[in-house]
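First up is the structure itself, then whatever we jot down about it.
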Amino acid sequence: MLFNKKIAFIGAGNMGEALLGGLLTAKLTDPANIIATDIRPERLQDLQNKWKIRTSLDNRQAAQDADVILLCVKPQTISEVLAQLKGIIRGEQLVISILAGITTDTITYALTGKNPVVRAMPNIPAVVQTAATAICMGKFAQEEHRLIATRIFQSIGQVEVVAETQMDVVTGLSGSGPSYIYMIIEALSDGGVLMGLPRDVATRLASQTVLGSARLVQETRIHPAVLRDQVTTPGGTAIAAIKELEASGLRPMLIRAVETATRRSKELSELLKQENGLE
Ligand SMILES: NC(=O)c1ccc[n+]([C@@H]2O[C@H](COP(=O)([O-])OP(=O)(O)OC[C@H]3O[C@@H](n4cnc5c(N)ncnc54)[C@H](OP(=O)(O)O)[C@@H]3O)[C@@H](O)[C@H]2O)c1
């Protein structure tokens, strides 16, 4: 489906490269169909050497001939980038944005006023093709655009389709989520070290435990509470530890973390609009 589509990556940092790398590794497209831009020539040279794609320092030139334009710059530079693209972009070109806090309407109306726009929120495990991405559709995005966007983000992990009003929650849960999980892995490793394990062994055991437990939830689709009960022997070690976790408020703590991050995402989105004079 993507094979003949020309795809322009506007901004090719961590996320841009993870995405184009995902597409090429999954053989969803050919390097000749991809062009990536950046403001640093040496960055573009690296990308060209590694992925054999075309590159350009000129966002307008890159976007001009593309069927799909993927906006992967930082939100702070979006007004400048949209101003560059306005005027050369055509109404039928699909624009996909991964910028946190920038709405589909903002992008649509800063361009032709009728482009199909898909907004996505991936997360950092994209670099190892294990991202959790949520996408939402702009006013003019149709089923074919949803399918294209889904296919692109499936090359770096799993995809959920949500309403745009839910994108702040997505940011608070899966967008920022890796940082919570890194703290959990680090703390589990600390526990292992406290009780006598070497650091490297403790970190490998902690991270594999998180990975394996998550895979079991995904592959069995059994409710996590049922899986927890299955490994909780009466009078055993797990229930003794669970008592500590409950007493220390692990659950409300994580719920509040998602709630707070969601609120902060909303605030930042508003600030971004004001600071960049966006609608
Ligand atoms: N990283 C995440 O976990 C994550 C998760 C979800 C969504 N996102 C979103 O993904 C976007 C990119 O994040 P990232 O982590 O990939 O950031 P990044 O590594 O800083 O990538 C942005 C790239 O765009 C380049 N750039 C700057 N101005 C440009 C311009 N005018 N035209 C073309 N390229 C330009 C930057 O070059 P320089 O480095 O030289 O400035 C950089 O290489 C952000 O909007 C963020 O909200 C990120």
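Indexing begins at 1, ligand by ligand and atom by atom, following the structure's order. Residue numbers count from 1 along this sequence. Since we're looking at a predicted model, the values are computed, not measured.
Partners of Q129 according to the side chain to side chain contact (heavy atoms under 4.5 Å, CB included) rule, which considers only residues two or more places apart in sequence or in another chain, do not exist here. For E186, the salt bridge (charged side-chain N to carboxylate O under 4.0 Å, His left out) test picks out no residue, with sequence neighbours left out. Judged as a side chain to side chain contact (heavy atoms under 4.5 Å, CB included), and not counting sequence neighbours, the contacts of Q45 are Q48, N49.
Scanning all heavy atoms of the two residues, the minimum distance from L272 to P75 falls at CD2-CB, 3.4 Å. Contact detail for R119 and G101: the closest heavy-atom pair is NH2-N, 3.7 Å.
Salt-bridge check for K50 with E17: passed, with a basic side-chain N closer than 4.0 Å to an acidic carboxylate O.
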Report all N/O contacts between ligand 1 and the protein shorter than 3.5 Å as a table of atom names and distances to 0.1 Å; if there are none, say 'none'.
from     : atom 1 : to   : atom 2 : distance (Å)
ligand 1 : 16 (O) : N14  : N      : 3.2
ligand 1 : 16 (O) : M15  : N      : 2.8
ligand 1 : 17 (O) : K74  : NZ     : 3.4
ligand 1 : 19 (O) : N14  : N      : 3.0
ligand 1 : 19 (O) : N14  : ND2    : 3.4
ligand 1 : 31 (N) : E80  : OE2    : 3.4
ligand 1 : 32 (N) : N59  : ND2    : 3.0
ligand 1 : 37 (O) : D38  : OD1    : 3.1
ligand 1 : 39 (O) : R40  : NH2    : 3.3
ligand 1 : 40 (O) : R40  : NE     : 2.7
ligand 1 : 43 (O) : D38  : OD2    : 2.6
ligand 1 : 45 (O) : V73  : O      : 2.6
ligand 1 : 47 (O) : A100 : N      : 3.1

